[in-house]
Amino acid sequence: MRPFEINPQDPLKAAVLGSTGSVGTQALDVMEQLGCRIVLLSASGNVKILAEQARKYRPQICTMDSENAAEQLRLALAGENIRVYGGPDAVCRAVEECGAELIIHSIAGLAGLPAALAAASTGARIGMANKEAIIAAGDKIFDALRRSGGEMIPVDSEHSAIFQCLCAAGAASSRGDGNSALVKRILLTASGGPFFGWDRERLAHVTPSDALAHPTWKMGKKITVDSATLMNKGFEVIEAVRLFGVPVEKIEVLVHRQSIIHSMVEYIDNSVIAQLAAPDMRGCIRYAVTHPTRALCGEAGLDFAKLHSLTFEKPDTEAFPLLACVRDVIRRGGIVPAALIAADEEAVAAFIDGKISFTGIADAVAQTLAETPDDVPGGIADYYEAEAAARERARRILAGMA
């Protein structure tokens with residue numbers, strides 16, 4: 001991507017995938033502030049919001065996941081000079097056609113893998129907010145980035161923080177192959193979720209409404225429950241291994257309730273570099289756009305005199321076993337990370353629907369993984385087959401728990 005600058009005569013061309021979700025809507029706010037030209041918007045099925053966004057930002061292309069939703073969007077945008085594509089391959093086609101220099105990828109779940117591969121093949125910069133694609137098939141995505149000359153800047157707050165800390169020591173890479181020899185430890189911070197300090201017996205009585213009340217971040221239902229089980233932090237451990245080329249033994253999770261230090265990197269000389277900011281995804285998105293420079297932010301920064309203290313504790317992996325299971329998932333490799341994602345998606349959906357207990361999420365995921373073979377994928381199709389097989393196993397297990 002060309003060096004960032006605010007230039008009304010030649011604005012940066014940007015695409016936002018998953019534009020109607022929480023990260024996508026914040027990304028559009030940032031794009032507008034930075035004077036970017038939106039050339040592509042995509043959504044799963046929210047026709048109303050995407051139509052509103054399209055009228056405001058006037059992209060070249062909009063996509064929906066189904067042809068039926070696309071037809072509704074065409075009717076809503078009648079008279080507008082905007083192409084609308086629909087169907088499972090629509091977003092990949094649009095990514096290849098739109099000519100975006102920057103692609104913010106915030107499609108949720110493994111459904112975002114095809115778009116990630118398509119984006120990586122364009123040579124554009126990807127601001128990556130979809131962790132599942134990286135966890136399941138990060139090697140394939142980085143291979144595509146190296147071939148195309150593209151790059152990836154993480155948008156998740158913790159991984160953006162790690163990336164910025166690595167940049168400070170010249171150890172960062174936007175293609176998954178940083179200089180890990182300089183790194184002693186990556187200290188990945190976690191808020192601890194709404195049930196910090198609870199034991200497993202107490203957790204068994206947690207309701208969906210309890211789990212959806214995150215103390216710090218406003219997010220979608222799936223990721224909010226994952227934050228409550230600490231599965232999201234487990235996913236972030238795997239993602240850090242993929243993004244930064246470090247062994248899992250160098251990654252340590254710390255509960256930091258204030259959510260001010262978003263992560264830290266300790267180097268071989270025992271120096272620690274931390275990234276601090278108010279808990280707001282817009283800063284991470286802004287850095288993904290402007291890296292390696294920075295853009296002026298008109299909002300107030302941290303008031304250190306009001307912080308009083310910053311605390312750190314080790315997570316309780318007995319009460320929250322999903323955080324611990326990821327190390328075995330990394331060791332097993334192959335299709336197992338994709339199976340983990342699928343099993344967790346099924347278990348969280350069952351919990352939100354009131355079919356299983358909160359602690360049943362971890363039980364169902366563990367049993368699904370125990371039944372998953374250690375197969376090595378030969379191609380992308382193998383990841384989808386592994387996902388589908390894991391879903392079937394998880395649904396059978398969950399049916400027995402209901």
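When a residue number appears, it is its place in the shown sequence, counting from 1.
- In this structure, the side chains of Gln164 and Arg294 come closer than 4.5 Å at one or more pairs of heavy atoms.
- In terms of modelled atom types and a separation under 3.5 Å, the side chain of Arg125 and the main chain of Glu151 share no donor-acceptor contact.
- Across every non-hydrogen atom of Ala213 and Pro194, the tightest pair is O-CB, 3.5 Å.
- Annotation: the span from Cys62 atom SG to Ile38 atom CD1 amounts to 10.5 Å, rounded to 0.5 Å.
- Residues Lys233 and Leu188 are in side-chain contact: their nearest non-hydrogen atoms beyond the backbone lie under 4.5 Å apart.
- Considering all non-hydrogen atoms of both residues, Met128 and Ala116 come closest at CE-CB, 3.8 Å.
- One distance of note links OG1 of Thr317 with CG of Leu323; it measures 7.0 Å at 0.5 Å rounding.
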Audit row: Asp10, Arg2, salt bridge (Lys or Arg N to Asp or Glu O under 4.0 Å) steps and yes/no: CA-CA 11 Å; Asp10 186 20; Arg2 58 189 161 114; 3.3 Å; yes
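- Here the closest non-hydrogen pair linking Val241 and Val246 is CG1-O, 3.5 Å.
- For the residue pair Leu12 and Val289, the shortest heavy atom distance occurs at CD2-CG1, 4.0 Å.
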Candidate pair Lys355 and Leu398, rule side chain to side chain contact (heavy atoms under 4.5 Å, CB included), full reasoning: CA-CA 8 Å; Lys355 296 177 180 177; Leu398 288 162; over 6 Å; no
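- Formation of a donor-acceptor pair under 3.5 Å by the Asp280 side chain with backbone atoms of Arg282 is found in this model.
- Two residues are said to be in side-chain contact when any heavy atoms from C-beta on lie closer than 4.5 Å; Ile153 and Ile126 fail this criterion.
- Ion pairing of Glu318 with Arg200 is absent here, as no side-chain N (NZ or NE/NH1/NH2) approaches a carboxylate O to less than 4.0 Å.
- Phe195 has its ring centre less than 6.0 Å from the ring centre of Phe358.
- Checked by atom type and distance alone, the side chain of Asp156 never pairs as donor or acceptor with a backbone atom of His159 at under 3.5 Å.
- Going from atom OG of Ser42 over to atom CG of Leu17 covers 4.5 Å, rounded to the nearest 0.5 Å.
- Between Ile397 and Met401, some side-chain heavy-atom pair lies under the 4.5 Å cut-off.
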Full working for side-chain hydrogen bond (donor to acceptor under 3.5 Å, both in side chains) between Gln60 and Arg37: CA-CA 10 Å; Gln60 299 169 12; Arg37 165 82 171 97; over 6 Å; no
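- In this structure, a donor-acceptor pair under 3.5 Å is present between the side chains of Thr311 and Gln258.
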Salt bridge (Lys or Arg N to Asp or Glu O under 4.0 Å) evaluation trace for Glu71 with Arg74: CA-CA 5 Å; Glu71 186 56 35; Arg74 291 186 190 104; 3.0 Å; yes
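- Annotation for Ala295 and Arg286: closest pair O-CD, 4.0 Å, computed over non-hydrogen atoms.
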Residue pair Lys140, Tyr383: steps toward the side chain to side chain contact (heavy atoms under 4.5 Å, CB included) verdict: CA-CA 11 Å; Lys140 305 293 185 186; Tyr383 292 104; 4.1 Å; yes
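- Paired with Leu50 under the rule side chain to side chain contact (heavy atoms under 4.5 Å, CB included), one option of Ser19, Ser44, Pro59 passes, and it is Ser19.
- A side-chain donor from one of Asp269 and Ser271 sits under 3.5 Å from a side-chain acceptor of the other.
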Candidate pair Leu113 and Ile141, rule side chain to side chain contact (heavy atoms under 4.5 Å, CB included), full reasoning: CA-CA 9 Å; Leu113 178 54; Ile141 295 169; 4.1 Å; yes
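- By the 6.0 Å contact criterion, CD on Glu392 is open, its count of non-hydrogen atoms from other residues, nucleotides or ligands being 12 or less.
- A donor-acceptor pair is defined here as one N or O able to donate and one able to accept, closer than 3.5 Å; such a pair exists between the side chain of His256 and the backbone of Ile261.
- The existence of a salt bridge linking Arg391 and Glu345 is confirmed by a sub-4.0 Å separation between a basic side-chain nitrogen and an acidic carboxylate oxygen.
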Audit row: Arg396, Glu371, salt bridge (Lys or Arg N to Asp or Glu O under 4.0 Å) steps and yes/no: CA-CA 12 Å; Arg396 171 177 50 78; Glu371 296 182 18; 2.4 Å; yes
Intermediate values then yes/no, salt bridge (Lys or Arg N to Asp or Glu O under 4.0 Å), Asp199 and Arg202: CA-CA 6 Å; Asp199 61 21; Arg202 189 179 178 192; over 6 Å; no
Verdict with supporting geometry, Gln275 and Phe163, side chain to side chain contact (heavy atoms under 4.5 Å, CB included): CA-CA 9 Å; Gln275 190 265 343; Phe163 183 76; over 6 Å; no
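- The backbone N or O of Thr189 lies less than 3.5 Å from no partner atom in the side chain of His262, so there is not a single donor-acceptor pair.
- Nearest heavy atom pair, residue Gly109 against residue Asn130, reads O-ND2, 2.8 Å.
- Counting heavy atoms from C-beta on, the side chains of Leu187 and Val265 never come closer than 4.5 Å.
- A salt bridge is defined here as a Lys NZ or Arg NE, NH1 or NH2 lying under 4.0 Å from an Asp or Glu carboxylate O, and Glu313 with Arg257 fails to meet this definition.
- To the nearest 0.5 Å, atoms NZ (Lys306) and CG (Asp303) are separated by 5.0 Å.
- Atom CG of Asp226 is separated from atom CG of Asp344 by 4.5 Å, given to the nearest 0.5 angstrom.
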side-chain hydrogen bond (donor to acceptor under 3.5 Å, both in side chains) between Asp29 and Gln33, worked out: CA-CA 6 Å; Asp29 289 344; Gln33 293 167 10; 5.9 Å; no
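- Between the side chain of Thr372 and the main chain of Val336, no donor-acceptor pair closer than 3.5 Å is present.
- Side chains of Thr63 and Arg93 form no contact here, defined as non-hydrogen atoms less than 4.5 Å apart.
- Between Arg331 and Asp328 there is a salt bridge, since a side-chain N of the basic residue sits under 4.0 Å from a carboxylate O of the acidic one.
- For the pair Asp382/Asp375, no side-chain contact is recorded, criterion being any heavy-atom separation below 4.5 Å from C-beta on.
- Atom CZ of Phe4 is separated from atom SG of Cys36 by 5.5 Å, given to the nearest 0.5 angstrom.
- Remark: the backbone N or O of Ile223 is not paired with any side-chain donor or acceptor of Asn232 at under 3.5 angstrom.
- Side-chain contact between Lys131 and Glu236: present, with at least one pair of heavy atoms (C-beta onward) separated by less than 4.5 Å.
- At distances below 3.5 Å, at least one donor-acceptor pair connects side-chain atoms of Thr290 with backbone N or O atoms of Thr293.
- Checked by atom type and distance alone, the side chain of Arg332 pairs as donor or acceptor with a backbone atom of Leu369 at under 3.5 Å.
- By the neighbour-count criterion of 12 heavy atoms within 6.0 Å, atom CG of Asn81 is sparsely surrounded, having that number or fewer from other residues, nucleotides or ligands.
- Judged by distance alone, with hydrogens and angles left aside, the side-chain atoms of Ser263 form no donor-acceptor pair with the main-chain N or O of Ala161 at under 3.5 Å.
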